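Down below is the structure, laid out as structure tokens.
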Protein chains: 2
Amino acid sequence: MNTIGFAPHDHGNCVADTLRKAEQHCADNGLRLTPVRRRSLEILLADHRALGAYDLLAVLATEGLGAQPPVAYRALDFLVKAGFAHKIEALNAYIACAHLGECQMPAFLICRACNSVAETDTTLGRGRLNDAASDAGFRIERTVVEAEGLCPSCQKDTA
Amino acid sequence: MNTIGFAPHDHGNCVADTLRKAEQHCADNGLRLTPVRRRSLEILLADHRALGAYDLLAVLATEGLGAQPPVAYRALDFLVKAGFAHKIEALNAYIACAHLGECQMPAFLICRACNSVAETDTTLGRGRLNDAASDAGFRIERTVVEAEGLCPSCQKDTA
DNA sequence: TGGCTATTGATATGTTATAACATTAACTGT
DNA sequence: ACAGTTAATGTTATAACATATCAATAGCCA
Ligand SMILES: [Zn+2]
Ligand SMILES: [Zn+2]
Ligand SMILES: [Zn+2]
Ligand SMILES: [Zn+2]
């Protein structure tokens, strides 16, 4: 299942690996990983939490990479369209993809206490949801699957 | 599956039925379906589309039921908590529950062309997400399952 | 080089949501 | 009926999230 976010892992490697894959994907597809875009991806990758556009902007601003909302939203738009990041609809926030290169249908586990987000790659809903969609004659283009709750560590804290 | 929203149905009955169930639920649970709340539910029920909080507010305002944002947000909060309405996270909008009384884990089919929304259910299909959550030690409290695409009628229009 | 397109800079505005506090209505027990 | 309590509403202000628009610049390709 490869759920990333709550389990400890070699994060330095995780970051370097994702950046490398992103660079490769841009090279292969004629996309430009400009300074703002690259730095935005790095900031999102820094830890496995969702960041609001204005949170990202605040960091970019301290680094002289832009101070107006469109800077952040353009970078996020690029990252999302390229598949390097996902929007968490339930939070109006953004997170780096944890499975770059093999991300088909992401689903997210969102801790309401510490705001950490784990990305898993499941086809939930796809079976059941596809059936429902077929019955209704609906053509699915994108799905949003998000679960809110408590991560292992926050369950302990509130126990 | 009882997917409601795209298929024609006796909507007058659908509305009356839902209002009756809501009244009963309030009576049974000591909740108060005040004028603003009741009218908000009626407005959401008017058709199977998601309405923004400010859209709802605009209607309420023309009827003298309140003109400030908190009026709409309080009513929506009540309706959502009571299970009479759902928030569509992908749209930041709200819709009346189409399965009042038997709604466990709703999922939505959202047409990006006409904005109609069908409500279906994923109760039987949450195996994979539950598995992923278990593996990660995550305790799910709420799920968001939304599919964006084209409804039958809009597929024809763009064909 | 010149023309084209993608990207960035900058200002303004639109949209969604909540904080905070005063007021009024409804319920509870006496 | 009365005070004490809680739930709901009125009102103002502001926070948080997102986009429209247009000018300036950088990369790219005849
Ligand atoms: Zn990592
Ligand atoms: Zn992903
Ligand atoms: Zn947590
Ligand atoms: Zn429902």
Side-chain angles (χ1 to χ4, degrees), chain A residues 22 26-27 29-41 43-44 49-82 84-95 110 112 115 144 146 148, chain B residues 22 26-41 43-44 49-82 84-95 110 112 115 144 146:
Chain A
C26 286
N29 295 86
L31 300 175
R32 293 170 52 203
L33 196 59
T34 63
V36 183
R37 293 169 176 178
R38 189 193 157 90
R39 187 65 191 121
S40 296
L41 180 54
I43 291 165
L44 289 184
R49 293 171 58 250
L51 229 52
Y54 281 74
D55 297 330
L56 169 63
L57 182 60
V59 179
L60 291 175
T62 67
E63 302 175 359
L65 283 170
Q68 296 77 31
V71 172
Y73 282 100
R74 284 164 178 161
L76 289 168
D77 188 58
F78 171 85
L79 295 176
V80 168
K81 280 187 174 138
F84 302 164
H86 304 291
K87 180 174 186 183
I88 308 296
E89 298 287 353
L91 300 178
N92 292 317
Y94 304 81
I95 191 166
I110 305 161
R112 66 169 161 80
N115 270 291
V144 175
E146 301 170 4
E148 288 176 319
Chain B
C26 287
D28 293 348
N29 294 88
L31 300 175
R32 294 168 54 204
L33 196 57
T34 63
V36 183
R37 292 169 177 177
R38 190 193 156 89
R39 185 68 190 121
S40 296
L41 179 54
I43 292 165
L44 289 184
R49 292 171 57 251
L51 227 53
Y54 282 77
D55 297 328
L56 169 63
L57 182 59
V59 179
L60 292 175
T62 67
E63 303 177 358
L65 283 170
Q68 296 78 29
V71 171
Y73 282 100
R74 284 165 179 163
L76 289 167
D77 188 58
F78 171 84
L79 296 176
V80 168
K81 280 187 175 139
F84 301 162
H86 304 292
K87 179 174 187 183
I88 308 296
E89 297 288 353
L91 301 177
N92 291 317
Y94 304 82
I95 192 167
I110 304 162
R112 65 168 161 79
N115 269 292
V144 175
E146 301 171 3

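Since the model is a prediction, treat every value here as computed from it, not as a measurement. A, B, ... follow the sequence lines: proteins, then strands. Residue 1 opens every chain.
Closest contact between the side chain of B/Arg32 and the listed nucleotides D/dA8, D/dA18, C/dT8 involves D/dA8. With D/dA7, C/dT8, D/dT12 as the choices, the nucleotide that has an atom nearest any side-chain atom of A/Thr34 turns out to be C/dT8.
Along DNA chain C, the nucleotide nearest B/Lys87 and the nucleotide nearest A/Pro35 are compared for position; the residue whose nucleotide lies closer to the 5' end is A/Pro35. In this structure, B/Gly52 and A/Arg74 both approach DNA chain C, and ranking their closest nucleotides by distance from the 5' end singles out A/Arg74. Along DNA chain D, the nucleotide nearest to B/Pro70 and the one nearest to B/Asn92 differ in position, and the one closer to the 5' end is contacted by B/Pro70.
When the side-chain nitrogen and oxygen atoms of A/Tyr73 are compared with OP1 and OP2 of D/dT19, none of them lie within a distance under 4.0 Å. Proximity of B/Tyr94 to the phosphate of C/dA17: a side-chain N or O atom is located under 4.0 Å from OP1 or OP2.
Taking both residues in full, the closest heavy atoms of A/Phe78 and A/Cys26 are given as CZ-SG, 4.2 Å, listed atom of the first, atom of the second, then distance. The two residues A/Val71 and A/Leu65 come nearest to each other via the heavy atoms CG1-O, 3.5 Å.
Note that OH of A/Tyr94 is 15.0 Å distant from CG of A/Leu41, once rounded to the nearest 0.5 Å. For the atom pair CG of A/Leu91 and CD of A/Glu146, the computed distance is 7.0 Å after rounding to the nearest 0.5 Å.
Formation of a donor-acceptor pair under 3.5 Å by the B/Arg37 side chain with backbone atoms of B/Arg32 is found in this model.
The CG atom of B/Asp77 sits 14 Å away from the P atom of D/dA7 (whole-angstrom rounding). Rounded to a whole Å, the CZ atom of B/Arg38 is 17 Å from the P atom of D/dA8. In this structure, A/Asn115 atom CG and D/dA16 atom C1' are separated by 15 Å, rounded to whole Å. The separation between B/Leu91 atom CG and D/dA18 atom P is 13 Å, rounded to whole Å. Atom CG in A/Leu33 sits about 13 Å away from atom C1' in C/dT7, given to the nearest Å. Look at CG on A/Leu57: it is 13 Å from P on C/dA10, rounded to the nearest Å. Rounded to whole angstrom, the span from the CD atom of A/Gln68 across to the P atom of D/dA20 amounts to 17 Å. Spacing between atom CG of A/Leu65 and atom P of C/dT7 amounts to 16 Å, rounded to whole angstrom units.
A donor-acceptor contact under 3.5 Å is not formed by the side chain of A/Tyr54 with the base of D/dA15.
Across all strands shown, A/Phe78 has no heavy atoms under 4.0 Å from either base or sugar-phosphate atoms.
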